[in-house]
Amino acid sequence: MNTAITVIASVLVFGFLIFIHEFGHYIAGKIFGFGIEEFAIGFGPKIFKKKNKKTGELFSIRLLPIGGFCAFKGED
């Protein structure tokens, strides 16, 4: 039981750190006027996605919680 709680807590803490890190990229992109295509936590297939109708930015949570990214427009 303790192992399961430790694993869940580790994933949550790691996910929070990833969110804060990627949110920094997002804010820096906004400040410097970069267009943002997608802000994602995790990699792999999307579990949840929401598109901002006003800005066209896509926010997503993905299957594998081992990182994240902030995709800027023109970045291929």
Side-chain angles (χ1 to χ4, degrees):
M1 187 67 167
N2 280 339
T3 304
I5 292 172
T6 302
V7 169
I8 291 169
S10 298
V11 168
L12 290 175
V13 169
F14 190 56
F16 180 71
L17 291 173
I18 291 167
F19 174 79
I20 295 299
H21 175 85
E22 293 305 327
F23 191 65
H25 291 259
Y26 178 84
I27 293 299
K30 286 291 203 181
I31 289 171
F32 290 105
F34 298 153
I36 297 167
E37 289 183 5
E38 184 176 2
F39 176 82
I41 300 300
F43 293 107
K46 295 176 185 119
I47 296 173
F48 171 80
K49 65 180 178 178
K50 177 80 174 158
K51 190 165 194 165
N52 184 325
K53 293 177 185 174
K54 185 177 178 184
T55 63
E57 298 167 353
L58 180 65
F59 298 91
S60 64
I61 297 175
R62 294 173 176 247
L63 183 62
L64 303 172
I66 55 172
F69 63 92
C70 187
F72 299 108
K73 290 184 180 173
E75 199 177 46
D76 290 330

- Message: Strictly by salt bridge (charged side-chain N to carboxylate O under 4.0 Å, His left out), give each pair with a member in residues 9-30 just once, sequence neighbours left out.
- Response: Lys30-Glu57
- Item | Minimum heavy-atom distance Asn2-Thr6, with the two atoms named | O-OG1, 2.8 Å
Apart from [X] itself, which Ile, Leu, Val, Met, Phe, Trp or Tyr residues share its cluster (side-chain heavy atoms under 4.5 Å, direct or through members)?
X     : value
Leu17 : Val13
Ile61 : Phe48
Ile8  : Leu12
Tyr26 : Phe14, Phe16, Ile18, Phe19, Ile20, Phe23, Ile27, Ile31, Phe32, Phe34, Ile36, Phe39, Ile41, Phe59, Phe72

- Do the side chains of Val7 and Ile66 join up, straight or via other hydrophobic residues, at under 4.5 Å, putting them in one cluster? no
- Measuring from Lys50:NZ to Ser60:OG, what's the distance to the nearest 0.5 Å? 13.5 Å
- Item | Partner residues of Glu38 under the salt bridge (Lys or Arg N to Asp or Glu O under 4.0 Å) criterion, sequence neighbours left out | Arg62
- Message: Tell me whether Lys49 at atom NZ has more than 12 heavy atoms from other residues, nucleotides or ligands lying less than 6.0 Å away.
- Response: no
